[in-house]
Amino acid sequence: EISRAWKAKSLGGERAVARHDEDSLTMAVGATLDCMKGSQKQADGLFFASTTSPYKEKQAAAIIAAAVDLPREIRTADLTDSLRSGTIALNSAIDAVKSGSAESIIVAVSDSRMGAGKSQFEQLFGDGAVALTIGRSDVIASIEGSFSLFSELLDVWRLEGNSFVQSWEERFILTEGYMNIMQKIVSGVMEKYKLTPKEFAKVVLYGPDGRSHANLAKRLGFDLRTQVQDLLFQSIGNTGTAALPMMLVAALSEARPDDRILVANYGDGGDAFVLRVTENIGRVQGKHKIQGSLARKTYIDYERYLSWRDLVPSEEPRRPDPRPPSITCLWRERRSILSLYGSKCNQCGTVQYPPQRICAKCQAKDDFEDYKLSDKKGKIFTYAVDYLTSSREPPAIIGVVDFEGGGRVMSEITECEPSEVKIGMDVEMCLRKLSRKGGIPNYLWKARPLSS
């Protein structure tokens with residue numbers, strides 16, 4: 001589709017593209033919620049890694065932690081400005097757990113990078129997020145060792161205020177950068193722990209492209225067919241900081257107990273880990289499938305992509321401009337807006353959203369308990385299609401959702417066309433970007449069709 005637009009050579013495969021109401025933060029929230037499913041323990045830390053955080057000065061990890069309803073008394077941190085921010089965050093989480101300062105930390109890694117028009121980056125880059133928990137108990141893969149080094153080589157970069165990733169001459173950055181550094185990092189970790197290529201059941205290596213990735217694996221003595229984890233470039237694209245941990249998730253989904261896995265990342269140097277799969281791996285396999293996310297995909301044309309990324313000017317609806325959000329109101333209502341909490345009457349059990357002081361059913365006053373709605377499934381009670389919306393992609397679908405267990409909320413319905421919406425349709429809630437008025441990325445929960 002990109003090659004059609006530019007009449008250029010196609011690199012093949014598909015790339016995942018975040019919708020107009022998604023960014024690195026909302027994708028990280030989705031991945032973190034999926035990571036937390038079924039866990040009875042609350043993490044006491046959340047680290048967010050990305051090169052495309054919506055904020056240059058404000059901690060996105062705090063917003064993510066609030067959206068997924070983690071306790072306020074936890075450690076949060078943003079790690080950014082490098083393609084290996086994800087493995088830097090993993091190293092930081094490992095050190096915190098090993099030192100005893102934390103029992104478990106969630107590492108959420110997300111990116112939504114853009115390549116300039118006609119560039120190879122435009123075809124190679126994909127958008128995605130992944131979340132992992134580093135902890136002491138119920139471990140599915142133990143960390144036997146690690147190795148890191150840094151590099152000051154300027155190969156791929158993006159300056160303040162620039163939307164597109166830039167790079168130097170390809171042969172130089174691949175030879176002196178990627179191949180040189182990755183050989184040193186992989187050889188270094190194997191020498192440190194006296195291991196050979198044959199001792200690894202699976203090898204997870206970052207790669208900027210398929211050819212360089214294959215050449216590196218061959219030079220290091222790994223079997224491309226049986227040992228080397230697929231890059232996922234043909235189905236998702238290069239997801240930046242999320243690429244390597246996403247490949248690790250794919251490798252773990254097929255791993256067997258006692259398998260040894262080598263993981264090596266690249267970016268301003270490199271990080272490597274030696275993992276040993278435990279007997280607990282069977283508990284999570286099948287629960288967090290990359291294929292499940294890919295099943296939701298919808299094909300879009302290039303013009304739609306340009307609109308989603310604000311790369312072409314478009315006429316705004318001829319309506320009064322919506323008022324920018326009030327920071328005071330966002331703070332005061334943060335629990336109901338960002339964490340999607342309603343209230344449940346202690347007298348009659350009626351669930352209400354937004355939270356009330358007077359029960360709409362029995363008129364009891366100030367006798368409520370908090371009631372979380374973000375994790376509840378629902379059904380569409382009724383809906384309307386708004387063709388005069390100020391949404392990035394009209395028409396907007398506004399629906400009334402009735403939740404299992406009680407509660408009703410009016411919200412936008414995303415990830416579907418108007419013709420696909422039906423009364424009684426099963427939906428789930430997801431955090432999405434509502435608008436960017438007044439210089440503030442405004443986030444709100446929306447309904448989307450329940451994944452099959």
Side-chain angles (χ1 to χ4, degrees), residues 13-16 27-41 43 49 86-87 89-90 93-94 104-111 126-135 137-144 199-207 210 213-214 217 222-265 271-297 428 451-452:
E14 300 176 354
R15 58 163 293 188
M27 290 192 294
V29 168
T32 302
L33 288 171
D34 190 48
C35 182
M36 293 169 60
K37 279 181 182 176
S39 176
Q40 302 300 316
K41 299 177 181 178
T87 46
L90 284 174
I94 292 166
S104 67
I105 291 179
I106 295 174
V107 176
V109 191
S110 180
D111 247 341
D127 303 335
V130 59
L132 305 167
T133 299
I134 305 298
S137 59
D138 300 322
V139 173
I140 63 171
S142 60
I143 300 157
E144 295 188 333
E199 294 180 75
F200 294 98
K202 188 68 72 174
V203 183
V204 183
L205 305 171
Y206 173 82
H213 180 256
F222 297 112
D223 190 306
L224 284 173
R225 293 175 302 168
T226 61
Q227 286 181 291
V228 181
Q229 176 61 40
D230 177 44
L231 279 172
L232 306 176
F233 279 12
Q234 290 298 300
S235 55
I236 301 173
N238 185 344
T239 53
T241 58
L244 187 93
M246 194 174 287
M247 292 164 60
L248 175 58
V249 169
L252 288 171
S253 69
E254 299 176 347
R256 294 175 296 181
D258 209 40
D259 279 355
R260 183 178 274 134
I261 300 177
L262 174 64
V263 181
N265 200 14
D271 296 312
F273 303 92
V274 177
L275 308 182
R276 176 79 76 169
V277 179
T278 74
E279 294 289 339
N280 295 323
I281 189 66
R283 299 180 186 177
V284 298
Q285 286 179 329
K287 293 183 179 180
H288 310 277
K289 291 184 178 180
I290 292 176
Q291 295 301 323
S293 295
L294 287 174
R296 300 184 67 95
K297 68 184 176 185
E428 60 186 354
S451 54
S452 59

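Any value given below was found using the heavy atoms of this structure, including those in side chains, with hydrogens, waters and symmetry copies removed. Nothing here was measured: the structure is a model prediction, and the numbers come from that model.
Partner of Pro245 under the side-chain contact (heavy atoms from CB on, under 4.5 Å) criterion, chosen from Val263, Val130, Thr87: Val130.
Side-chain atoms of Gln227 come within 3.5 Å of backbone atoms of Phe200 as a donor-acceptor pair (strictly under, hydrogens ignored). With Arg276 contributing its side chain and Asp258 its backbone, the two residues share a donor-acceptor pair below 3.5 Å. Checked by atom type and distance alone, the side chain of Gln285 pairs as donor or acceptor with a backbone atom of Ala255 at under 3.5 Å. Between the side chain of Asp259 and the main chain of Val277, no donor-acceptor pair closer than 3.5 Å is present.
In this structure, a donor-acceptor pair under 3.5 Å is present between the side chains of Ser137 and Lys41.
Salt bridge Arg296/Glu428: present, at least one basic N to carboxylate O contact under 4.0 Å.
Nearest heavy-atom pair across Thr239 and Asp111 is O-CB, 3.3 Å. When all heavy atoms are compared, the tightest approach of Ile281 to Leu252 is CD1-O, 3.6 Å. Considering all non-hydrogen atoms of both residues, Gly128 and Ala242 come closest at O-CB, 3.7 Å. Residues Met246 and Ala129 approach most closely at CE-O, 3.5 Å, considering heavy atoms. Residue Val109 comes nearest to Thr241 through the heavy atom pair CG1-O, 3.2 Å, listed as atom of the first residue, atom of the second, then distance. Here the shortest heavy-atom pairing between Ala89 and Val107 reads CB-CG1, 3.7 Å.
To the nearest 0.5 Å, atom CG of residue Leu275 and atom NZ of residue Lys202 are 13.5 Å apart. Distance check: Thr32 OG1 to Ile106 CD1 gives 6.0 Å after rounding to the nearest 0.5 Å. Taken to the nearest 0.5 Å, the CG atom of Asn280 stands 6.0 Å off from the CG atom of Asp138. Going from atom CG of Asn265 over to atom CZ of Phe273 covers 8.5 Å, rounded to the nearest 0.5 Å. Here the straight-line distance linking atom CG of Asn238 with atom CG of Leu231 works out to 8.0 Å at 0.5 Å rounding. The CG atom of Leu244 lies 10.0 Å from the CD atom of Gln229; values are rounded to the nearest 0.5 Å.
Looking only at side-chain heavy atoms (C-beta outward), Leu90 and Ile143 stay at 4.5 Å or farther from each other.
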Intermediate values then yes/no, side chain to side chain contact (heavy atoms under 4.5 Å, CB included), Leu294 and Ser235
CA-CA 8 Å; Leu294 287 174; Ser235 55; 4.1 Å; yes
